[in-house]
Structure formats: C-alpha cells, structure tokens
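Structure first, then comments.
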There are 2 protein chains.
Amino acid sequence: MSPAGAGRRTPRRTRQRQAVADLLAAHPGFISAQRVHSLLAEGGIEVGLATVYRCLAQMVAGGELDTIVAESAEVLYRRCSADHHHHLVCRRCGTTVEVHDPQVESWADGVARAHGFADVNHRVEVMGVCRACAL
Amino acid sequence: MSPAGAGRRTPRRTRQRQAVADLLAAHPGFISAQRVHSLLAEGGIEVGLATVYRCLAQMVAGGELDTIVAESAEVLYRRCSADHHHHLVCRRCGTTVEVHDPQVESWADGVARAHGFADVNHRVEVMGVCRACAL
DNA sequence: ACGTACATGAGAACCATTATCAGTTACCTC
DNA sequence: GAGGTAACTGATAATGGTTCTCATGTACGT
Ligand SMILES: [Mn+2]
Ligand SMILES: [Mn+2]
Ligand SMILES: [Zn+2]
Ligand SMILES: [Zn+2]
C-alpha cells in the first residue's frame, strides 16, 4: 500500500498553472480571480477562467496564498509567507503589509477562553489609506 | 427649506417590516437573509424575499444590525448594540458574544500608524465552539 | 513513443443579491 | 372619514462571482 501521505503528489507543470503562479508571485497586493484572468489575457496569455479558479484554489490549499473577502464579497488572493499573520491593506491601491504580532494572537485566545469557547480561530484585517495614496 | 437631517423620516409601519424586525429581535445569533425569509414562511408569515433584503439593508443603515460575511460568502445579520464592538461566534450554533475591548482597538490603530496608514478601520472576528456545543 | 491519469476550457448551472415595475398601502391633509 | 401620494411590496428578471460538466488535450512515468 502507499505511504501515509498518499494522494498529495506534485501537480503537473503546465503553461496555465505557471502563468497564474508567476502573476501572483509578481503581484504585490490582493487580487481577484477575475482580475488574474483578465490581466493574463491582456498579456496575451490565454487561460480559461475555470482553470484560474482551480489553480488559485490549489495554491490556497497548499498554503501558498492567503485570501480575504472584499466588501463586494469577491474573494481576493495574495502570495503570503507561510506562518500565521494578518494584513494591513490599503483600500485604494491594495498595497499590503503582513502583520506578525503575538499581541493580537493572545488577545483573541484570551477573549475566547474567558467565555469558554474552544477550538478557536480568528480573522483580523486592518484597512486604511497608505502613505503613498494619502499624497 | 428642510432641516439639516432631511430625507431621514420614519419608515412606514408595515406588517412585513414588523415581522422582520421581530424575528431579528428574538434571534440570538447571526442569520442570513434567506433564512429569515424561510423562517418567516415556516411561521406562516409571507414576506417577499426582496422585501426581506430591503428591510435588512435599512436596519443595517440605521445601525440596528451588524453584519458579518460567512465562509460561504453569504452575509449574516444580527441585532447588536450601537457602539463599536466585535464578535465571538460559535461556529456550531451561532451563539454570539459581543466583545467590547479597547485593547484591540488601540492595537489596530497602533499597527496602522506604525506603517503610515490613515483613515483606518478594522474587522475582527473570533470563532470557536461554545461551552454548550463542546458538550 | 505510449498510455493514462490528470488538466484544461467553453459553456451551463448555481446561488446570493439586486433591479424592475406594476400594483398596494400607510399615513398625512383637509 | 375620504382622498392623494409617496413609500412599500413582491413576482420576476437580471446580475455577477463561483463552481460544475464533460469532451478534449497533455505532462510525464514507463
Ligand atoms: Mn492571528
Ligand atoms: Mn474594533
Ligand atoms: Zn495605497
Ligand atoms: Zn454553540
């Protein structure tokens, strides 16, 4: 029988997957699947929309990407560091700062424990206008 | 001419608006518009789905309701206190605790200021399993 | 080079939400 | 209490992001 971690083999190297990965590696802020699709198209790289969604989902599953939900309820993706952190996002240009801060982690755990909640996780986003966009 | 706060007159008292308001007043956790609609229908109270959405939107605008976005990306509504706070939500039963804590407020502002961001707001949710649901 | 399991993509399906618009009604005025 | 009107309602269509379908294509181990 196969080893414990079966089913998790290396994904195929395809033109499409590479194009999506490259675009996200180069893009500094959060970006939607639809926008990834049209940016690729503008660059002359045809990738089906369904494939864009599939690639993004796989990269999220693999921990390569973080996601946030925009006010319009569309999902935005960004290449992020692997360890737990939160985001400070410019709502004008999308510039994003990763925030690694144990302070807010212990705060969240403390709040949950104080009310007897178990199996806790949290979602923290800070949004504002970055220095460059404020002029 | 009309006074400064023109256009904000009292909404009409209708059977439908009352039904939606009553349901949210009685409901302890967050709930979706679709679920409001079907709960009313189950109770024999016919209210059009469009009207449910309209009433909820108006109550949000009036500060009577808070909203969060579920993982499924659908919007959930809850009757909440007027002042700024965050939520500790049981992901099993939806039971919700309002968290008023200046600690996380100043943390968010501090993080933003440290990176030169202005006009800051934030989104903070803590999710877990409440004592009752943990058995 | 072959075979096949995996990947692709055009289009349909899905689903929450919003827009239309003709008919209804709360409520102000007389 | 009757009338007028702006607000409200709801069946239905439209929207838009996301997922599904399935016939076709292809990366890669052999
Ligand atoms: Mn955290
Ligand atoms: Mn806060
Ligand atoms: Zn900016
Ligand atoms: Zn619970």
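Values below: every heavy atom of this structure, side chains too, minus hydrogens, waters and symmetry copies. Chain identifiers are assigned alphabetically (A, B, ...) following the order of the sequence lines, protein sequences preceding nucleic acid strands; residue numbering begins at 1 within each chain.
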Presence of salt bridge, Arg123(A) and Glu71(B), under 4.0 angstrom
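Result for this pair is no, no salt bridge flagged.
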
Salt-bridge test for Asp66(B) and Arg79(B): reply yes if a basic N is under 4.0 Å from a carboxylate O, no otherwise.
no

Considering non-hydrogen atoms only, spot the tightest contact between Gly94(B) and Val89(B) and give its length.
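Shortest heavy-atom separation between Gly94(B) and Val89(B) comes out as O-CG1, 4.1 Å.
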
Protein-nucleotide distance ([X], atom [atom1]; [N], atom [atom2]), rounded to Å:
X: Leu40(B); N: dG10(D); atom1: CG; atom2: C1'; answer: 14 Å
X: Arg17(A); N: dC28(D); atom1: CZ; atom2: P; answer: 10 Å
X: His37(A); N: dG11(C); atom1: NE2; atom2: C1'; answer: 13 Å

Counting only non-hydrogen atoms, which of residues 44-78 of chain B are less than 4.0 Å from DNA chain C?
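Of all residues in residues 44-78 of chain B, the ones placing a heavy atom under 4.0 Å from DNA chain C are Leu49(B), Ala50(B), Tyr53(B), Glu74(B), Val75(B).
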
Taking side chain as C-beta onward, heavy atoms only, is Val60(A) less than 4.5 Å from Glu64(A)?
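In short, these two side chains do not touch, never coming nearer than 4.5 Å.
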
When all nucleic acid strands are considered with a 4.0 Å heavy-atom cut-off, which category describes Arg15(A): base, sugar-phosphate, or nothing?
sugar-phosphate

Hey, is the side chain of [X] poking within less than 4.0 Å of OP1 or OP2 on [N], counting only N and O atoms?
X: Gln16(A); N: dA7(C); answer: no
X: Thr14(A); N: dT8(C); answer: yes
X: Gln34(B); N: dC15(C); answer: no

Among the nucleotides dT26(D), dT17(C), dT8(C), whichever has the atom closest to the side chain of Arg12(A) is dT26(D)

Among the nucleotides dA16(C), dC27(C), dT8(C), which one has an atom lying closest to any side-chain atom of Arg13(B)?
dC27(C)

State whether a side-chain donor-acceptor pair under 3.5 Å links Glu98(A) with His87(A).
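There is no such pair (donor and acceptor under 3.5 Å, judged by atom type) between the side chains of Glu98(A) and His87(A).
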
Neighbour count above 12 (heavy atom, 6.0 Å) for Arg13(A) CZ
no

